[in-house]
Amino acid sequence: MLAASAIESLTRSLMLGTTRQPLATTALDGAITAGDPKASLKALALLGQFQRFRRPVAQDLDAKPVISADQSRIIPEPVRPLLRALLTERAGEGRQVVTLAVADLMARRKLELHPFDLPLLEQFVKTHGALLGGSALAWAERNGTQDSETILSGALDESNWTLARPMQKAEFIAGLRARDPTRARQLIETAFAQERATDRLQLVSTLASNLSESDVPFLQLAAADRAPSVREAAEALLAALPGTPQSGKRLADCVACIKRGKSGVLRRRETLQIEFPATVQEESRRIQWANSMFGCIPLDALARALGLSPEKAVAAAADDPALLHVLLNQAARAQRYDLVASALQNAHELGRHAYAWMDGPDTRNAAAVEDWCSAVIHPDLWPEMPAGPTLYGIYQKTRAPLPDSVARAVLGCRAWRDFLNRSHGSASESIDKIVHTAVLIPSQLRNLLRRGLAPLPGYITERPLTVLSLLDQLEST
Amino acid sequence: MTLTLAQVEELAPDQGSLAAARALLAPAKWPVLAADGAGLVWGECQGSGSQPYRVMLAEADLGYKCTCPSRKFPCKHTLALMWMRAQGRPFATEERPGWVNDWLSRRRGGSARPKPAAPPDAPSAPRSIADLPEPVEQTVDPRLQARATAQRERSRAEREATILAGLEELDQWIADQLERGLAGFAPTASEQCRVIARRLVDAKAGGLASRLEQLPAALFSLPEHERTELLIERLGELHLIAEAYRRQSELAPPLRADVRLTVGWTMSRDELLDDPMALRCKRCWMVVASFSEIQPDKLRRIETWLTALDGDERAAVLIDFFPVSAGSVDSYAPGEAFEAELAFYPSAAPMRAIIAERSGPAVAERWPSPSLDLTSAIEHYESALAARPWLGPWPLAVRDVAVMRGPSGLHLTDARAGLALPIAPRDDQMLPLVGLQDIDAFGVWDGRRLQLSLAETSLGRWMAT
């Protein structure tokens, strides 16, 4: 056995050079005779072998897991290969909508990725971590500077929500706001000053749901926040609340830029039209300007200020696309989908593509999503099946499959039948369209979709059917 | 379907396969050639192993199977069978034997193995029977044979002398490094190693040359504070090998064969299969790891590690080389299982093997829990190291271990024993293992780093990608 001092002496000689520091061969217990011409080589070999028999020992090791998965929620083994295959592909028609739909489905079903798949699905986790549970969030932030304990989303409560990661905090507050708006605001008030600007903005934004006068005092404080983005968000919410100075001023400004008139020869009906500033002339800029000006005003308040009922206000705006845009979005926010539906049915041009320009519903409210879809999506008006990116826009707003009645309307409409029957010029575009449609169809109608796709060639349907298979497997987990 | 020679040409993966198939057309090579009269044809072809290879062919769809371990599809035996069939040679009409029926019952339709894709950049080379050179009649002239044997002996003696001279040069080179001091080695390591490696190639000691070529990369893959030790070990090992080679007559036969292979002598596949002393193991094997790297000589080296699923937990490594220009190759996938007899290259610690005969695929639901804990596995490693002092990467199959994080990275640990093997970093794919208890793991240990490749855990199987 070599003593530590002997090892050090030998190593120093070898590193510095045996010319400069001759080898102390006596340290090798007679293994090398004096005067051996190969003494240095033998010493080298013996030292090397001695090192190879040293066993590595533990030092400062930590067994704390990087992620703690809730095993009862992990995706079952049979689903994993298909999930990995679809989520790791770099190309593939409808890849974006598939990954978003899978993430949404996993969130709804409270499923978690298998921990061993997290490294393989890095990009998916990075993009949709907030939907995928605590283990995915912990994975996405494993190299961050935050030192907070990993908390499973399901374990958050009023005592520990401030310790969670930013995305988790916003989700928790948004969920509480839907159930107990006052309590949610109180929690925000308590923690607000300690949060970073981006987190403060997120928390203020959650107050848009169930906004009421009781939120005014806090919003007025937030309107004086040091971060401009937080101030803006608070001001917008205050403008939406009747009785506040912000709302009064905004309402007055809005009414001032609406021109009232009459049209028709026999039956003179009221018309409303926005008078745009001289700098706002292009159609797209007009709509943008109108949204920013009118967007935070409730429909009832604007109609009252104009001396009209909401129904009459919407009818009077029929000839002004920009004003109609705004009023219908206000109606949707007020959950007056009856107004939206009837207005769109009378305005076919706008009605065809209303899903594209209407603000999306509150996706946390399933009933609101259903009403929005029924009011806004009119497949019977479609001249042709919308392209994949357009259908993706619908999904981004609903974040869920369409309601049964609307999905049946899609699968039964002439645009879909024409799409299935005509020859497929660009296979890629066709596959893209079908994949996007597949994601919008609820589980109970997927077999109907499959039957519709049956006559198509295999190279067109293979990918959409694979996507449907994955969605089915996740739904049945 | 009546088979034609044109179809045989079309199916052949390359011209070399056609040439090899032609060499198998002699009736003496086929102790069994039969057909059932309903489109199934089979034969037994005597190879270099003790058991003949069994070949079967379904003429209707040209599905085929051969028990030889060739990675070409169809292999030369299958091509030869098809060739004889196309030529109209007589096949005995017989009832199908059990092994043909077994194959039929497992068939999914079509060929047993898909034809590998052609390399992406290389156009498909034409295969033509007409272009094959005429076979030369082999007649045995005793005088010519004796002359050839003497010539081979002279060549061998010359090579021995050349190698010994190369070893002296190597020793001198190492001694020069030691005189100057190893502290100054790293900055010029690449150039220095390249020069001496070339000299060793010239000295017909290619095995030692490879070790020197790989030394700089191995050195710089480690953090600086570990490089000194690695340098001492690797250079010391080279001298050990040289000295062992010089004294090979004093060594036990397995170690003598080992050191000769290490220096650069080769043993052909046929020689290994014909060696009655070669260790053979017939087991059900599972692929537990597969590593691929491109060598400086533009060959892709694929290491496939196997562990036996039954019996004594024996391990083996298959090492194959393919030209990089061949593109993607049909290699074994981790988790795959098959029954086969392996023949091991002679060694004091046998590990490298070839497949002598492959029986067929197997199903492995779970990798069986190893019997060794980490301490015992390291003891086995140390025994192998003592038997073969220049031991290379060694398989460790261990139970009840854990993966932990340390300042320098991940470690495979057995906290009870205090052992902690540093794990070779490989992005973050091993992080999910941290915190899981009582893992069964397989990795390849090179004395400094463990290439972890498989773990059976409470969350299921983890495999390196």
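The chains referred to below are lettered A, B, ... by the order of the sequence lines, with proteins before strands, and numbering in each begins at 1.
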Structural part of B:A242 lying under 4.5 Å from a heavy atom of chain A
neither

side-chain contact (heavy atoms from CB on, under 4.5 Å) between A:T11 and B:E229: does it pass, once the steps are laid out?
CA-CA 9 Å; A:T11 306; B:E229 277 195 7; over 6 Å; no

Please classify the contact of B:R180 with chain A as side chain, backbone, both or neither, using a heavy-atom distance under 4.5 Å.
backbone

Are any of the side-chain heavy atoms of A:E122 and B:Q429 separated by less than 4.5 Å?
no

Atom group of B:R461 that falls short of 4.5 Å from chain A, counting heavy atoms
backbone

Do B:L459 and A:I74 have side chains that approach each other closer than 4.5 Å (heavy atoms only, starting at C-beta)?
yes

Which atoms of B:E382 approach chain A - backbone, side chain, both or neither, heavy atom under 4.5 Å:
both

Salt bridge check: are A:K42 and B:E243 linked by an N-O gap of less than 4.0 Å?
no

So which part of B:L238 gets closer than 4.5 Å to some heavy atom of chain A, the side chain, the backbone, both or neither?
neither

Contact class of B:Q172 relative to chain A, heavy atoms under 4.5 angstrom:
neither

Any side-chain heavy atom of A:R55 sitting closer than 4.5 Å to one from B:T375?
yes

Side chain from CB out, backbone as N, CA, C, O: work out which of these in A:L120 comes under 4.5 Å of a heavy atom of chain B, or both, or neither.
side chain

Do A:Q49 and B:L385 touch side chain to side chain, with heavy atoms closer than 4.5 Å?
yes

Does A:H114 form a side-chain contact (heavy atoms from CB on, under 4.5 Å) with B:W462? I'd like the steps, not just the answer.
CA-CA 11 Å; A:H114 193 290; B:W462 173 91; over 6 Å; no

Tell me, for B:F185 versus chain A, whether the close heavy atoms (under 4.5 Å) come from the side chain, the backbone, both or neither.
neither

Can you tell me which portion of B:S408 sits under 4.5 Å from chain A's heavy atoms? Options are side chain, backbone, both or neither.
neither

